[in-house]
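See below for the structure under consideration.
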Number of protein chains: 2
Amino acid sequence: MSQMPAIQTILAKAGLRPTAKRVALAKLLFDGVDKHVTADDVMEMVRRKRLRVSQATVYNSLNQFCAAGLLKRIVIDSSSTVFDTNTSHHHHLFYEDDGHIVDLAGDSISLLGLPDLAEHESLLSVDLILRVGRAHD
Amino acid sequence: MSQMPAIQTILAKAGLRPTAKRVALAKLLFDGVDKHVTADDVMEMVRRKRLRVSQATVYNSLNQFCAAGLLKRIVIDSSSTVFDTNTSHHHHLFYEDDGHIVDLAGDSISLLGLPDLAEHESLLSVDLILRVGRAHD
DNA sequence: ATAGTTGCAAAAGTTTTGCATTGTA
DNA sequence: TACAATGCAAAACTTTTGCAACTAT
């Protein structure tokens with residue numbers, strides 16, 4: 001189990017003030033276990049823990065965490081945005097059946113033949129999603 | 001320029017009745033030039049051509065075209081769904097600046113190290129998006 | 001003290017749906 | 001004729017925003 005720094009430290013390093021709501025949400029997210037959550041998932045966690053955090057604050061905080069580099073926004077399905085607590089370079093296996101997502105180490109797959117970009121352009125990210133479903137046989 | 005079969009033929013092959021609205025929308029989309037469009041883009045095309053097709057019908061038709069394999073849904077940005085008239089296996093370059101999308105031939109990039117799947121699972125699709133932005137130097 | 005945060009409700013944007021009407025086979 | 005397709009408006013959802021009250025530094 002990876003040892004996480006104190007929540008206060010995580011927020012401080014990201015330049016975010018450790019307010020009550022942010023600390024509460026960060027505790028839910030940064031517990032050392034990688035997670036993939038939607039805003040609604042977080043609302044559900046908040047409800048279960050009987051916390052008092054509004055939906056707007058959940059959305060705002062997730063966006064702030066993203067901007068600060070604590071979360072990564074992943075685009076899997078246009079129905080809702082998923083946030084990933086694993087911010088390192090990696091890929092995703094997406095199970096269409098139940099919607100769960102599994103991380104694949106970034107170096108486990110190699111991509112050959114990536115195109116050259118123009119001088120003034122840069123590759124911001126390489127997003128690879130493997131969609132998996134039940135075999136149809 | 002690739003020669004497209006008649007719209008009626010395309011729809012018939014897909015098992016869709018060639019109704020006036022569907023034919024009109026199919027003409028906009030399947031003109032031999034690959035396109036990436038959102039529902040809103042299609043509404044805009046409809047307006048420009050002074051066609052009388054409602055928003056609901058645009059959405060319904062795009063979904064029907066997708067289900068029939070005439071369009072491919074691509075997930076680039078969770079803000080809106082993009083439909084691709086190129087239904088063959090390929091990848092995407094996404095320019096964050098202006099949101100335009102460029103196709104990359106499926107065989108131009110090779111992926112090594114794709115994980116093995118369980119017996120009852122199958123790989124439905126391999127979606128690769130290269131996000132490009134202005135170089136920050 | 002001051003600048004950043006929060007909650008609430010409302011707004012905005014995308015997509016779906018119910019239902020009466022119309023068109024296709 | 002029977003069934004599918006259409007338009008309209010309204011609903012459903014996700015996400016953002018304006019503003020007054022509050023809180024960390």
Side-chain angles (χ1 to χ4, degrees), chain A residues 6-28 36-47 49-68 70-83 99, chain B residues 7-29 36-47 49-68 70-83 99:
Chain A
I7 296 298
Q8 326 285 344
T9 311
I10 293 178
L11 293 176
K13 276 193 186 168
L16 295 171
R17 283 158 61 170
T19 63
K21 313 298 167 139
R22 283 216 274 245
V23 170
L25 294 176
K27 272 187 191 161
L28 294 176
H36 302 99
V37 298
T38 62
D40 202 53
D41 291 336
V42 175
M43 279 309 284
E44 188 52 40
M45 293 162 120
V46 163
R47 272 179 234 115
K49 292 243 175 180
R50 301 281 191 286
L51 300 176
R52 233 55 58 84
V53 186
S54 74
Q55 181 175 261
T57 298
V58 165
Y59 273 100
N60 290 339
S61 300
L62 287 174
N63 285 334
Q64 290 155 358
F65 290 170
C66 252
L70 298 178
L71 288 177
K72 212 164 147 182
R73 197 182 287 269
I74 60 184
V75 183
I76 291 270
D77 185 301
S78 49
S79 72
S80 69
T81 303
V82 175
F83 297 90
Chain B
I7 296 297
Q8 327 285 343
T9 312
I10 294 178
L11 292 177
K13 276 193 186 171
L16 295 172
R17 284 157 60 170
T19 62
K21 314 296 168 139
R22 284 216 272 246
V23 170
L25 293 177
K27 271 187 192 161
L28 294 176
L29 297 172
H36 303 100
V37 297
T38 62
D40 201 52
D41 291 337
V42 176
M43 279 308 287
E44 188 52 41
M45 291 161 121
V46 163
R47 271 179 234 116
K49 292 243 173 180
R50 301 281 190 285
L51 301 176
R52 233 52 59 85
V53 187
S54 74
Q55 181 175 262
T57 298
V58 166
Y59 273 99
N60 291 338
S61 300
L62 287 174
N63 286 334
Q64 290 154 359
F65 290 170
C66 250
L70 297 178
L71 286 177
K72 210 165 148 181
R73 196 182 287 268
I74 60 184
V75 184
I76 291 270
D77 186 300
S78 49
S79 71
S80 70
T81 302
V82 175
F83 297 90

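Chain letters run A, B, ... following the sequence lines, proteins first, then strands; residues in each count from 1.
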### Task
With the side chain of B:Arg17 defined as its heavy atoms from C-beta on, choose the nearest nucleotide among C:dA25, D:dT14, C:dT14.
C:dA25
### Task
Please check if the side chain of A:Lys21 supplies one atom and the backbone of A:Val58 the other of a donor-acceptor pair under 3.5 Å.
no
### Query
When the distance from NZ of B:Lys21 to C1' of D:dC8 is rounded to whole Å, what number comes out?
12 Å
### Task
Could you tell me the separation between the CG atom of B:Leu11 and the P atom of D:dA4, rounded to a whole number of Å?
17 Å
### Phosphate-side-chain proximity, A:Thr81 and D:dT14, N/O vs OP1/OP2 below 4.0 Å
no
## Note on the structure
Separation between CG (A:Asn63) and CZ (A:Phe83), nearest 0.5 Å, reads 5.0 Å
### Summary
Side-chain contact check for B:Ser61: nearest option of D:dT6, D:dA9, C:dT15 is D:dT6
## Note on the structure
Side-chain contact check for A:Ala56: nearest option of D:dA9, D:dT15, C:dC8 is C:dC8
### Message
Strictly below 4.0 Å: does A:Thr57 bring a side-chain N or O up to OP1 or OP2 of C:dT5?
### Response
no
### Task
Would you kindly give the CD-to-C1' distance between B:Gln64 and C:dT16, to the nearest whole Å?
13 Å
### Query
Quick one: does A:Arg22's side chain have a donor or acceptor within less than 3.5 Å of a partner on A:Arg17's backbone?
yes
#### Entry: Donor + acceptor pair across side chains of A:Asp40, A:Thr38 (<3.5 Å)
no
## Note on the structure
Of the listed C:dG7, D:dC8, D:dT15, the closest approach to the A:Val53 side chain comes from C:dG7
### Query
Given the rule in the side chain to side chain contact (heavy atoms under 4.5 Å, CB included) test, do A:Thr19 and A:Leu11 qualify, once you have shown the distances and angles that lead to the verdict?
CA-CA 9 Å; A:Thr19 63; A:Leu11 293 176; over 6 Å; no
### Atom-to-atom span, CG of A:Asp40 to P of D:dA12 - whole angstrom
16 Å
### Query
Could you give the CG-to-P distance, from B:Asn60 to C:dT14, as a whole number of Å?
17 Å
#### Entry: Rounded interatomic separation in angstrom, taking CD from A:Gln55 and C1' from D:dT15
8 Å
### Short side-chain N/O contact from A:Asn63 to OP1 or OP2 of D:dT16, under 4.0 Å
yes
### Query
Roughly, in whole Å, what's the span from CG in A:Asp41 to P in D:dT14?
11 Å
### Query
For residues 72-80 of chain B, which residues have at least one heavy atom under 4.0 Å from DNA chain D?
none
### Task
Let me know, please, whether A:Arg22 or B:Ala20 comes out on the 5' side of the other along DNA chain C by nearest nucleotide.
A:Arg22
### Query
More 5' along DNA chain D: A:Pro18 or A:Tyr59, using each one's nearest nucleotide?
A:Tyr59
### Message
If you count heavy atoms of other groups shown closer than 6.0 angstrom to NZ of A:Lys72, is the number above 12?
### Response
yes
### Query
Between the main-chain N or O of A:Thr81 and the side-chain N or O of A:Arg73, is there a donor-acceptor pair closer than 3.5 Å?
no
### Euclidean distance, atom CD of residue A:Glu44 to atom P of D:dT14 [Å, nearest integer]
13 Å
